[in-house]
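What follows is one structure encoded as structure tokens, with my remarks underneath.
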2 protein chains.
Amino acid sequence: MSGRRYKEVHTLNYYMCDRNQTLTMPMLVNLLLEVSGQQSGRLGLGEETMTEMGYAWIILQYEFEIQRMPKFLESIEIETFASEYNKLFCYRNFIVRDEQGEEMITVFTTFALLSLEERKISRLPAEILTPYEAEFNKRLKRTARPASLDEEQAIVRSYRTRYFDIDANQHVNNSQYLNWTLDTLGSDFLTTHEIKSGTIKFAKEVYEGQTIESYASIQENSEKILSAHRIQDNDVVNCTASFRWAKIES
Amino acid sequence: MSGRRYKEVHTLNYYMCDRNQTLTMPMLVNLLLEVSGQQSGRLGLGEETMTEMGYAWIILQYEFEIQRMPKFLESIEIETFASEYNKLFCYRNFIVRDEQGEEMITVFTTFALLSLEERKISRLPAEILTPYEAEFNKRLKRTARPASLDEEQAIVRSYRTRYFDIDANQHVNNSQYLNWTLDTLGSDFLTTHEIKSGTIKFAKEVYEGQTIESYASIQENSEKILSAHRIQDNDVVNCTASFRWAKIES
């Protein structure tokens with residue numbers, strides 16, 4: 001597969017982990033974006049350079065496959081590469097491995113380039129992709145669609161954006177969407193279940209001062225445990241997501 | 001000064017920093033406790049060992065002096081040592097230095113030992129302090145008292161504890177108290193001011209499921225800009241704090 005590879009090792013500390021001594025999903029997203037941000041910086045295409053060029057990357061979707069979530073004090077290797085791009089989208093993969101080199105997590109992400117002047121998605125210029133050694137393929141990739149919310153049984157919680165939700169990139173930190181989405185499921189469910197796979201699809205950015213509603217429904221039968229999610233502010237949907245879960249064996 | 005010294009270098013990444021490209025107070029606290037936790041682990045007195053011995057450290061107070069907050073991408077050295085202890089309290093210092101070795105932040109913290117069985121503060125046994133090379137001094141140190149809230153002009157915001165607020169130590173992550181305290185001041189104030197010093201004093205732990213009220217008042221005159229804070233749930237005060245601020249020169 002094409003794409004220039006970059007990797008970093010991170011050791012998980014207590015503030016990255018939940019009460020089950022396991023890396024949290026919000027912190028996983030922080031670590032992934034830290035690693036891809038480092039690659040961009042080293043290729044001379046960091047945040048600042050992109051801004052000067054009039055662009056900003058936006059994330060449209062994450063698709064997670066989780067064999068095992070890393071634990072407190074484990075050292076993990078995070079590898080990333082931009083695999084392919086077309087006129088509109090760039091696809092970036094992440095592989096998280098344990099100290100024995102075993103794959104623990106794979107993440108497939110879809111990025112697009114925002115033109116800061118026009119405030120809309122820009123056609124991807126080859127010169128921005130060349131340093132990443134990503135391959136051009138005009139065919140758009142098929143991406144997963146999150147499972148639909150069960151409106152009848154959905155539960156809802158409100159979240160107000162907070163000052164520290166805005167990070168150095170001037171936007172609500174990407175991990176907050178995961179925080180709002182998952183928190184709605186409540187601790188009885190979250191302490192006894194673990195995520196095996198998931199898709200999160202971003203539709204519209206949440207801004208400071210907004211209070212969003214996070215809806216969630218859980219479907220559980222002998223075949224699967226599936227949660228579906230929607231974050232919205234009045235009629236505007238900010239993101240949708242779904243996760244497949246397994247009971248934690250104790 | 002006595003106390004076995006331990007230090008680590010950390011490089012600040014985007015999720016640790018706010019919109020002003022500056023390390024956030026909640027993340028500063030996370031980094032400090034990560035470093036002191038590492039020292040304890042290396043001395044054979046990590047969280048797990050302490051639990052087996054029937055103890056847990058609790059933090060009673062932080063006193064911060066900030067010459068300059070570190071910026072995005074800076075590498076900082078965090079040094080810590082347990083300086084002194086008496087029957088009831090152990091005092092731990094932190095010094096944050098920049099790449100030139102200049103002191104940026106000093107933090108003076110007061111810890112106590114909780115007996116897990118009795119659920120109360122335990123007398124400090126010498127064998128727990130010996131590895132830290134902390135000096136016994138029977139005199140209790142004088143610690144700062146946070147400035148009082150101006151009840152008349154106080155503003156208030158509610159915060160519900162969330163699932164991911166509980167960290168691997170099984171408690172509301174210490175940094176959340178800073179998050180709730182400071183967020184109440186609002187972004188107009190926070191984007192234009194920086195903390196020069198502060199004191200945060202913990203009275204009672206906040207538990208999962210609780211919704212707390214965060215009160216804040218600002219006193220501003222030609223001599224100083226001072227904010228005072230109280231976090232409480234009904235009649236129970238969880239913590240009090242005050243911070244001295246300066247306007248950010250732009």
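Here is the naming used below: chain letters follow the sequence lines, and residue numbers restart at 1 for every chain.
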Practice problem: Measure A/R160 against the heavy atoms of chain B and call it side chain, backbone, both or neither at under 4.5 Å. | Solution: both
Quiz item: Tell me, side chain or backbone of B/N173 under 4.5 Å from chain A's heavy atoms, or both, or neither?
Solution: side chain
Quiz item: Tell me, do A/T24 and B/Y163 make a side-chain contact under 4.5 Å, heavy atoms counted?
Solution: no
Quiz item: What pair of heavy atoms forms the shortest contact from A/L31 to B/Y15, and how long is it?
Solution: CD2-OH, 3.9 Å
Quiz prompt | Top contributor to chain A contacts, counting heavy-atom pairs under 4.5 Å, from B/N13, B/L190, B/L73 | solution = B/L190
Quiz prompt | Pairwise distance CZ(B/R19) to CZ(A/F164) - rounded to 0.5 angstrom | solution = 9.0 Å
Quiz item: Which bit of A/E208 is near chain B, if near means a heavy-atom gap under 4.5 Å: side chain, backbone, both or neither?
Solution: side chain
Quiz prompt | Part of B/L33 within contact of chain A (heavy atom distance under 4.5 Å) | solution = both
Quiz prompt | A/Q153, CD: over 12 other non-hydrogen atoms inside 6.0 angstrom | solution = yes
Practice problem: Indicate yes or no: at least one non-hydrogen side-chain atom of B/R162 is less than 4.5 angstrom from one of A/N179. | Solution: yes
Exercise. Name the member of B/D165, B/T22, B/D167 that forms the most heavy-atom pairs with chain A at distances under 4.5 Å.
Key: B/D167
Quiz item: Which bit of A/T191 comes within less than 4.5 Å of chain B, counting heavy atoms only: side chain, backbone, both or neither?
Solution: both
Self-check item: Residue, of B/E34, B/Q21, B/M27, that accumulates the most heavy atom pairs under 4.5 Å with chain A
Solution: B/E34
Practice problem: Using a cut-off of under 4.5 Å on heavy-atom pairs, state which of B/A168, B/P26, B/G37, B/S175 scores highest against chain A. | Solution: B/A168
